[in-house]
Asker: 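I am attaching a structure below and will ask some questions about it afterwards.
Owing to the predicted nature of the structure, the values given are computational and were not obtained by experimental measurement. All heavy atoms count here, side chains included; hydrogens, waters and symmetry mates do not. First listed ligand is number 1; within each ligand, the first listed atom is number 1.
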Amino acid sequence: MALTLPDLPYAKNALEPHISAKTLEFHHGKHHKAYVDNANKLLSGTGLEKEDPEKILKEVAGDVSRIGIFNNVAQAWNHAFFWNCLKTGGGGRPTGKVAKQIDADFGSYEKFSEDLKNTGVTQFGSGWAWLVLKSGRLEVMKTANADTPVAHGIKPLLTIDVWEHAYYLDYQNRRPDFLQAVIDNLINWDFVNSRLG
Ligand code: MN
């Protein structure tokens with residue numbers, strides 16, 4: 001099997017009150033698991049089963065006949081990445097290398113956090129808000145549905161899932177409040193710094 005469902009890197013209640021155990025139970029245990037299971041079913045017999053997921057995504061991106069593989073492998077990758085972007089007692093101002101690069105590329109942490117929130121708020125329908133490294137500079141970007149920067153050769157440093165299943169149980173339609181809570185309380189800057197290298 002090419003893909004597995006990784007354990008959450010914390011307890012299901014570790015992100016409360018910002019993300020409830022109930023949300024993580026469904027989001028990880030049902031939604032993420034379904035993407036992994038579907039990806040493995042669709043990959044079976046294609047010769048891609050043992051390939052690295054990032055390589056599969058680059059290979060099938062834009063191929064209409066393999067859109068199901070793309071969507072499920074991308075969602076499996078995005079979710080595994082997203083769990084690592086969160087931690088108990090995270091969020092707020094970063095330290096380390098990323099702090100300096102945010103100041104250099106956005107002007108200030110305040111401008112960065114406003115841009116990231118706005119990117120998530122304005123993604124029409126389902127998708128993802130990202131902090132990426134592109135040509136040596138930090139940028140925020142959004143992707144629709146399952147789409148992911150790794151399919152396009154862009155290096156993600158941080159993501160926030162803005163599909164309704166990420167926040168509806170806790171925030172109903174208040175996506176901006178969910179984004180603000182994640183930005184202020186849950187971002188794992190140690191992980192972001194490790195990605196920056
Ligand atoms: Mn999700």
Asker: Using a strict cut-off of less than 4.0 Å between a Lys/Arg side-chain nitrogen and an Asp/Glu carboxylate oxygen, indicate whether Lys22 and Asp170 qualify as a salt bridge.
Answerer: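 Salt bridge flag = no for Asp170 with Lys22.
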Asker: Decide, yes or no, whether a salt bridge links Lys55 with Asp52 under the criterion of side-chain N to carboxylate O below 4.0 Å.
Answerer: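 No, this pair does not count.
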Asker: For a distance under 2.8 Å, give residue and atom name for each protein N, O or S atom next to the Mn ion (ligand 1).
Answerer: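 Metal shell, protein only: His27 NE2, His79 NE2, Asp161 OD2, His165 NE2.
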Asker: Without placing hydrogens or testing angles, list every side-chain donor-acceptor pair under 3.5 Å for residues 177-186, not counting sequence neighbours.
Answerer:
| unit_1 | atom_1 | unit_2 | atom_2 | d |
| --- | --- | --- | --- | --- |
| Asp177 | OD2 | Arg174 | NH1 | 3.0 |
| Gln180 | OE1 | Lys117 | NZ | 2.8 |
| Gln180 | NE2 | Asp184 | OD1 | 3.2 |
| Gln180 | NE2 | Asp184 | OD2 | 3.2 |
| Asn185 | ND2 | Ala181 | O | 3.0 |

Asker: Could you tell me whether Asp37 and Lys33 have a side-chain N and a carboxylate O separated by less than 4.0 Å?
Answerer: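 Yes, Asp37 and Lys33 are salt-bridged.
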Asker: Compute whether any side-chain donor of one residue and acceptor of the other, for Trp163 and Gln123, lie under 3.5 angstrom apart.
Answerer: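 Distance-only check fails for Trp163 and Gln123.
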Asker: Do you know which two heavy atoms are closest between Asn193 and Thr95, and how far apart they sit?
Answerer: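 The answer is ND2-O, 2.9 Å.
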